[in-house]
Amino acid sequence: MGSVATNAWGSIDARKSAKITKAQESRPPSDTPAIYVDLIDPDIGYGVFAARDFSKGDFIFHEAPLIDPTDFCELRELNDEHHGPGQMLDLVTALSLADASQMRFAFPKLAAELGKTLPTSQELAGADLNPLLGTRLVHGQLAWPPNELWEKYDKYIKRIREGVVARGGGSKASVEDRVKIAADFFRSHAFQAEIEGNQNPHPATTRPATIYLLASLVNHSCQPPGARRVLKRRTAAEDSPVVAREAPELRLANFLANLKKESENADNTASSSKSPSTGGKAGTSNNNTAIGSGSKNNADDPDAITPAPKTAQESTGTKDFSEHSDPDDGEEEEDNASGSNSLNQRQRGPNCEWRIGPGQLAKFVLPHHIAVKATRDIKAGEELTWDYGKKKQGFSCRCATCRAGTGRSCCYL
Ligand SMILES: C[S@@+](CC[C@H](N)C(=O)[O-])C[C@H]1O[C@@H](n2cnc3c(N)ncnc32)[C@H](O)[C@@H]1O
């Protein structure tokens, strides 16, 4: 496993591997420091913040994956006897072997739960985080973290360790527990990417999940009441080659639900699941578009792998990419009927959107890479957030919209 993981994911120089040509860079983002990572609090963990002002429509960063979904497929092939959750565990194990320092710093809960030692703030203090978290950035750079990060980091790590000990986890975690830990991690941090059927070695069983060092650390924010809606919707053809139009939570939930099914039905994997490479929608040709996720980890919840709501619009009221307008694409926006779209409300809601692979958002972005764009003006120091679109009863959302108590029950993650 170790050598497989290292070969497959050994350190990538994102800028070199990206090979972005001038022609591809239709609107390249600036390569000045764009973001930094800080700890919000021990419950929420890390967040990603703007290091400078951005205007609506600006690209903020562009990142290559830490786990490339193609490699996930390869790993699958090499570990074919471990269907379903076993594959997840293999993946996480491989990830921790391949990029131990990055993974332990970026995903300390996962690392601790899998029995890894976490770096102390003394080992990290004053460190340039670029070699840890910024290595996958293609555009946009990681700025120096605020000094207070390290003080908060120690408290965070202490709490994680205590939690792991209290649950009897860490190196003592059983294989079953580790599978659950891996599933929870993927549920909260993975983006599900897809590979065209003819490139996918296991079209019936493979649902690649992509992890990014920075994009996987962006937190959720609910849409405030009165959020702007875009009148005109793009068609899939307009957005070509990207055709993904399924809710984030639906796709990831399908992914996990199918994995669960696979583990129960290991002998009958291919025939028992819907076409997973299309997230359950047969015939959808979605070239490397992924949809984000982000529900709270819920290791104690027996229903942690939950069936998805029906559709994005029905269940969450959130918008997928096709509904957002580019500032220069001529589409029109209007406030919703309430007309209550005050500046404060707009500032409270999500301020970013993302896309994996090339598309309307960022034509120059390579398959499996993620691009992040400002959906409104963002001031330096503001946290970058997007709407996960997830709804899970019992999750206590701490986003600014909910903290402001808008009176609207806007979040059921
Ligand atoms: C994609 S990760 C975001 C990065 C995460 N903060 C971290 O440090 O790993 C999603 C997880 O962050 C936390 N989170 C994100 N947005 C949140 C919100 N609005 N309220 C509370 N927790 C949130 C939840 O634990 C969720 O499972």
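We use all heavy atoms of the structure for the numbers below, so side chains are in, but hydrogens, waters and symmetry mates are not. All ligand and atom numbering here is 1-based and tracks the order in the structure.
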For ligand 1, is any non-hydrogen atom under 4.0 Å from S221's backbone (N, CA, C, O), its side chain (CB onward), both, or neither?
neither
Determine whether the aromatic ring centres of residues F54 and F59 are separated by less than 6.0 angstrom.
no
Is the Y46-F105 ring centre distance short of 6.0 angstrom?
yes
Where ligand 1 meets [X] - atom numbers and elements under 4.0 angstrom, heavy-atom basis:
X	answer
N219	3 (C), 4 (C), 5 (C), 6 (N), 12 (O), 13 (C), 14 (N), 15 (C), 16 (N)
C399	19 (N)
R398	18 (C), 19 (N), 20 (N), 21 (C)

Once the angle between the rings of H189 and F107 is folded into 0 to 90°, is it parallel (under 30°), tilted (30 to 60°) or perpendicular (over 60°)?
perpendicular
Check ion pair E382-R376 (N to O, under 4.0 angstrom):
yes
So for ligand 1, is [X] a polar contact partner (N or O within less than 3.5 Å, distance only)?
X	value
L217	no
S188	no
S216	no

Does ligand 1 have any atom that is closer than 4.0 Å to a heavy atom of [X]?
X	answer
V218	yes
Y388	yes
C397	yes

With side chains defined as the heavy atoms from C-beta onward, is the minimum distance between P145 and W150 less than 4.5 Å?
yes
About how many Å separate CZ of R355 and CD1 of I370, when rounded to the nearest 0.5 Å?
11.0 Å
With a 3.5 Å cut-off and no angle check, do the side chains of Q102 and T135 form a donor-acceptor pair?
yes
